[in-house]
Amino acid sequence: MLIKCTEEHNDILLNYLNQQPALNLFIIGDIETYGFNSPDQDIWAYLDTDKEISGVLLRYKNNIIPVHDVDFNGFSEFVTCIKEQGNVRYLSGRKAILDLYAAEFPEFHKETTFFAECQELRVKPLQMELVTDLKIKDIPSYLALQNAAFNKTIQTMEDIVEALENGTTTIKIIKNEQGEVVSGGQIAVESQTSGMIVGIATLESERSSGYGSAIVASLVEHCRQQKKSACLFFNNPAAGKIYHRLGFVDLDRWILLDKKGKE
């Protein structure tokens with residue numbers, strides 16, 4: 001039976017999701033942050049015959065994340081629910097699960113990455129001493145780094161200022177002697193047990209300097225100080241070797257289905 005969740009379901013939802021807290025970081029973090037009354041978010045659960053949760057479906061804006069086992073009785077109900085949303089842009093989750101949805105949504109482009117977690121650093125790069133927290137005055141330079149690395153800015157000036165003032169993000173940077181941000185990254189999503197590292201970037205002229213490793217290591221330490229694990233995605237084998245050396249362990253493959261990517 002598919003149900004729309006409310007505040008009264010909070011505890012049983014988190015009990016189910018916390019069986020794999022790192023892999024379910026996005027859903028747990030969104031429940032903890034936005035709850036059940038935000039117009040941007042809906043949460044459904046599938047109850048099996050003994051009224052226990054066997055699957056959870058999250059919609060955050062135009063993003064959908066399903067969580068369940070491969071052998072899941074509520075799969076058809078989840079597919080119907082997703083199609084009823086109408087404006088879904090992304091579907092994401094563990095590869096074994098998202099492979100099932102890829103067959104139901106052939107108009108979506110599929111991208112596969114690794115999902116890795118670090119409980120504690122194995123090595124601490126010397127360049128960590130160069131890492132500092134992003135200050136508001138450094139945001140334009142940080143956005144320039146994003147644009148150079150990704151050919152776009154991932155956030156706006158206003159978004160970063162608001163997140164820094166609200167304490168909802170942690171951004172680490174390295175600056176050169178001229179005060180320009182040459183490397184950086186951030187924690188984008190956090191739950192009570194895990195944090196997701198994203199946006200690791202270094203200017204091409206500064207690569208092979210170890211700056212990216214230092215940024216990642218500093219963000220791992222930030223999580224560890226809060227008794228949380230650090231998580232990240234990667235699809236580059238060379239990057240994977242660096243992350244593994246730092247102490248990351250691959251938990252699973254992760255799939256993103258992107259509707260626009262197929263258009």
Side-chain angles (χ1 to χ4, degrees), residues 17-18 20-30 32-33 60 63 65 67 90-98 110-125 127-128 131 133-134 142 145-146 149-150 152 154-155 160 163 168-174 181 183-203 207-258:
L17 294 167
N18 276 314
Q20 294 182 305
L23 288 170
N24 293 330
L25 165 60
F26 290 109
I27 296 186
I28 295 171
D30 284 348
E32 292 175 352
T33 302
Y60 177 70
N63 299 268
I65 302 178
V67 175
Y90 303 105
L91 286 166
S92 63
R94 293 172 47 228
K95 182 180 185 300
I97 305 307
L98 265 289
K110 181 164 69 171
E111 179 182 345
T112 304
T113 64
F114 287 93
F115 188 112
E117 179 186 35
C118 182
Q119 301 279 354
E120 187 172 357
L121 289 171
R122 288 186 185 141
V123 296
K124 294 186 178 182
Q127 295 87 342
M128 284 179 68
V131 177
D133 291 316
L134 180 75
Y142 178 64
L145 167 66
Q146 287 187 353
F150 308 122
K152 64 179 180 180
I154 301 172
Q155 300 149 294
I160 297 176
T168 56
T169 191
T170 298
I171 302 176
K172 300 288 187 179
I173 60 169
I174 293 176
V181 177
S183 188
Q186 62 182 287
I187 304 288
V189 179
E190 288 191 71
S191 70
Q192 293 184 12
T193 60
S194 306
M196 176 59 68
I197 297 174
V198 302
I200 301 300
T202 301
L203 287 180
R207 289 174 189 167
S208 301
S209 61
Y211 289 169
S213 294
I215 294 291
V216 171
S218 295
L219 292 169
V220 171
E221 278 295 285
H222 167 80
C223 292
R224 189 189 64 81
Q225 289 168 9
Q226 299 180 70
K227 303 187 185 317
K228 299 179 182 183
S229 68
C231 303
L232 52 72
F233 296 111
F234 72 90
N235 54 17
N236 183 323
K241 289 181 179 180
I242 294 172
Y243 299 144
H244 294 155
R245 180 167 52 83
L246 289 173
F248 281 85
V249 176
D250 297 346
L251 294 185
D252 209 331
R253 301 292 295 275
W254 191 268
I255 281 182
L256 173 69
L257 300 179
D258 179 354

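FYI, side chains are in, hydrogens and waters are out, and symmetry mates aren't considered; it's all heavy atoms of this structure. Position 1 is the first residue of the sequence, and the numbers go up from there. Keep in mind that this is a model prediction, so the values were computed, not measured.
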Asker: Of the options Ile97, Asp258, Leu257, which is the one that meets Leu91 in a side-chain contact (heavy atoms from CB on, under 4.5 Å)?
Answerer: Leu257
Asker: How many angstroms lie between SG in Cys231 and CE in Met196, if you round to the nearest 0.5 Å?
Answerer: 5.0 Å
Asker: Answer whether the closest heavy-atom distance between the side chains of Leu219 and Val131 falls below 4.5 Å.
Answerer: no
Asker: Could you name each residue pair satisfying salt bridge (charged side-chain N to carboxylate O under 4.0 Å, His left out) that touches residues 236-256, not counting sequence neighbours?
Answerer: Arg94-Asp252
Asker: Nearest 0.5 Å, what's the CD1-CG distance between Ile171 and Leu134?
Answerer: 5.0 Å
Asker: What are the two closest heavy atoms between Leu251 and Ala22, and how far apart are they?
Answerer: CD1-CB, 3.7 Å
Asker: Which pair of non-hydrogen atoms, one from Val216 and one from Ile197, has the smallest distance, and what is that distance?
Answerer: O-CD1, 4.1 Å
Asker: Taking C-beta and beyond as the side chain, do Pro125 and Leu246 meet within less than 4.5 Å on heavy atoms?
Answerer: yes
Asker: So, for Ser183 and Ile215, which heavy atoms are closest and what is the spacing to 0.1 Å?
Answerer: OG-CG1, 3.5 Å
Asker: Roughly how far, to the nearest 0.5 Å, is CD of Glu111 from CG of Leu256?
Answerer: 6.0 Å
Asker: Taking all atoms of both residues into account, what is the closest heavy-atom pair of Ala149 and Ala201, and its distance?
Answerer: CB-CB, 3.5 Å
Asker: Hey, are the side chains of Asp133 and Lys172 touching, using non-hydrogen atoms and a 4.5 Å cut-off?
Answerer: yes
Asker: Can you tell me how far apart CG (Asn235) and OG1 (Thr112) are? Round to the nearest 0.5 Å.
Answerer: 9.0 Å
Asker: Please state whether the rings of Phe234 and His244 are parallel, tilted or perpendicular, taking 30° and 60° as the class boundaries.
Answerer: perpendicular
Asker: Mind checking the OG-CG spacing from Ser218 to Leu121? Nearest 0.5 Å is all I need.
Answerer: 8.5 Å
Asker: Taking all atoms of both residues into account, what is the closest heavy-atom pair of Ile160 and Tyr142, and its distance?
Answerer: CD1-CD2, 3.9 Å
Asker: If you look at every heavy atom in Ile200 and Gly185, which pair is closest and at what distance?
Answerer: CD1-CA, 3.7 Å
Asker: Hey, does Asn24 have a side-chain heavy atom less than 4.5 Å from the side chain of Asn18?
Answerer: no
Asker: Donor-acceptor check, side chain of Glu32 to backbone of Gln192, threshold 3.5 angstrom: yes or no?
Answerer: yes
Asker: Tell me, which pairs form a salt bridge (charged side-chain N to carboxylate O under 4.0 Å, His left out) where one or both residues lie in residues 207-229, sequence neighbours left out?
Answerer: Lys124-Glu221, Glu190-Lys228, Glu221-Arg224
Asker: On the 0 to 90° scale, with breaks at 30° and 60°, tag the Phe233-Phe26 ring pair as parallel, tilted or perpendicular.
Answerer: parallel
Asker: With Phe248, which residues qualify under ring pair (Phe, Tyr, Trp, His ring centres under 6.0 Å), at least two apart?
Answerer: Tyr243
Asker: So, the side chain of Thr169 versus the backbone of Ile187: is there a donor-acceptor pair under 3.5 Å, distance only?
Answerer: yes
Asker: Measure the shortest side-chain to side-chain distance between Lys95 and Ile255 over non-hydrogen atoms and say whether it is less than 4.5 angstrom.
Answerer: yes
Asker: Let me confirm one number: the OG1-CD1 distance from Thr202 to Ile174, rounded to the nearest 0.5 Å.
Answerer: 7.0 Å
Asker: Any side-chain to backbone donor/acceptor pair from Gln127 onto Ser209? Under 3.5 Å, distance only.
Answerer: yes
